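Reading through the structure tokens given below for one structure.
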Amino acid sequence: MKTLDDKVVVITGAGSGIGRALALDLARRGSRLALSDVSEAGMAETVALVEAAGVREVRSDPLDVADRAAFEAYATEVAAHFGRVNVVINNAGVALAGNLLDLSWEDMDWITGINFTGVLHGTKFFLPHLIASGDGHVVNLSSLFGLLSIPGQSMYNAAKYAVRGMTESLREEMLIAGYPVGVTSVHPGGIKTAIARSARVSDKEDQAATAKLFDEKLAKMTPERAAEIIVKGILTNKARVLVGLDAHLLHHFARLTGSRYQDVVAKVYGRIAPKGAVV
């Protein structure tokens with residue numbers, strides 16, 4: 001894909017953070033946008049911003065990506081509205097902190113439903129439309145935590161590893177079949193979004209301390225810069241996009257040390273995590 005001008009781009013989780021930054025970046029590039037989020041207030045703000053940026057065309061819808069029937073209907077409606085779909089960016093995601101022993105089944109189902117099943121929905125339901133477009137691209141947001149694991153993030157890790165595995169397999173399938181669809185797995189490090197502040201935590205964790213740790217020590221890059229890197233990855237058809245110096249450094253650290261990285265992480269974890277906080 002050489003240009004995003006006049007391309008129809010679907011973005012989930014577009015009501016804030018990276019999703020909103022992507023919408024603004026793509027609006028300025030002349031894309032036609034189909035935006036969704038569970039937050040109608042957040043979506044309204046994003047729509048106002050992309051309209052002010054001179055977006056060519058925008059459609060917005062409330063959407064729970066974990067709802068299979070709703071997502072299937074949404075994909076059909078978007079394709080009918082625009083007549084084609086060129087890019088789908090499965091960005092919607094949430095966070096859950098706490099040791100596996102302490103997490104509730106309700107919270108575990110919640111995060112896997114959004115962070116993995118929601119991505120799977122967006123990929124599978126839009127894939128036939130991307131193939132039919134003759135110039136399609138799937139972009140799935142995994143995480144740095146889809147490349148290495150961190151204590152207190154077992155279910156977030158699980159979902160993001162699953163996204164990575166599914167996405168990489170899909171890319172291979174598209175190459176073998178010769179379909180005109182690029183596939184990119186995105187792995188952001190600490191991005192300055194509200195994900196930690198809106199996260200769920202186990203009963204034994206301090207939500208405020210966890211959010212403070214993320215916001216003050218781990219979130220280094222702006223969503224706008226992250227969006228630029230992701231869009232560049234689409235235009236260059238990269239299989240994997242690492243976003244942030246932390247993502248690059250920790251990914252290479254894990255590759256060099258193999259499974260021993262787990263022992264290192266376990267030893268240093270207590271030095272950076274205040275009491276009651278989980279990364």
Side-chain angles (χ1 to χ4, degrees), residues 7-20 22-23 26 32-40 42-43 46 59-82 84-96 105-133 136-143 145-146 155-174 177 179 181-188 195 198 200 230 234:
K7 301 297 185 183
V8 177
V9 182
V10 176
I11 307 173
T12 66
S16 63
I18 295 175
R20 175 177 289 175
L22 282 164
L26 292 165
R32 301 179 186 276
L33 302 178
L35 309 178
S36 66
D37 201 286
V38 290
S39 170
E40 294 190 45
M43 273 304 311
T46 299
R59 170 190 171 120
S60 64
D61 295 271
L63 179 67
D64 176 359
V65 296
D67 186 329
R68 182 165 300 163
F71 211 138
E72 184 173 22
Y74 173 70
T76 300
E77 291 166 7
V78 167
H81 175 90
F82 289 97
R84 58 185 162 86
V85 178
N86 299 102
V87 181
V88 58
I89 304 177
N90 290 301
N91 164 76
V94 293
L96 171 64
W105 284 106
E106 179 185 0
D107 285 345
M108 290 191 288
D109 288 341
W110 171 74
I111 192 171
T112 54
I114 296 169
N115 286 14
F116 175 62
T117 307
V119 173
L120 177 60
H121 287 161
T123 301
K124 187 165 176 61
F125 289 137
F126 277 109
L127 192 56
H129 303 294
L130 300 177
I131 294 170
S133 76
H137 207 106
V138 177
V139 183
N140 288 338
L141 271 286
S142 178
S143 170
F145 292 174
M155 295 310 300
Y156 189 85
N157 279 129
K160 295 302 186 177
Y161 271 87
V163 167
R164 172 190 163 194
M166 183 269 289
T167 305
E168 292 181 357
S169 179
L170 174 67
R171 187 172 193 273
E172 295 161 354
E173 292 169 4
M174 295 296 99
Y179 287 133
V181 178
V183 182
T184 299
S185 180
V186 179
H187 300 268
I195 190 168
S198 59
R200 294 186 185 184
I230 294 167
I234 298 171

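The first residue in the sequence is number 1, and the count goes up from there. Nothing here was measured: the structure is a model prediction, and the numbers come from that model.
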What's the shortest heavy-atom distance between A14 and T46, and which atoms?
O-OG1, 2.7 Å
Side chain T112, main chain D109, donor-acceptor under 3.5 Å
yes
Using the ring of each side chain (for Trp, its six-membered ring), is F71 parallel, tilted or perpendicular to F125, with breaks at 30° and 60°?
tilted
Is S143 reaching over with its side chain to a backbone N or O of K160, donor-acceptor style, under 3.5 angstrom?
no
Can any side-chain N or O of D61 pair as donor or acceptor with the backbone N or O of L63 at less than 3.5 Å?
no
Any donor and acceptor pair, going by atom type alone, linking the side chain of N86 with main-chain N or O of V9 inside 3.5 Å?
no
Heavy-atom closest pair (I111 atom, M155 atom, distance to 0.1 Å) is CG2-CB, 3.8 Å
Hey, mind stepping through V94 and N115 against side chain to side chain contact (heavy atoms under 4.5 Å, CB included) and telling me if it holds?
CA-CA 7 Å; V94 293; N115 286 14; 3.5 Å; yes
Neighbour count >12 (heavy atoms, 6.0 Å) for atom CZ, R59:
yes
Spell out, as yes or no, whether a donor-acceptor pair under 3.5 Å connects the side chain of N91 to the backbone of T12.
yes
Salt bridge (Lys or Arg N to Asp or Glu O under 4.0 Å) against K7, all qualifying residues, sequence neighbours excluded:
D135
Results of side-chain hydrogen bond (donor to acceptor under 3.5 Å, both in side chains) for E168 - residues two or more places apart only:
R164, R240
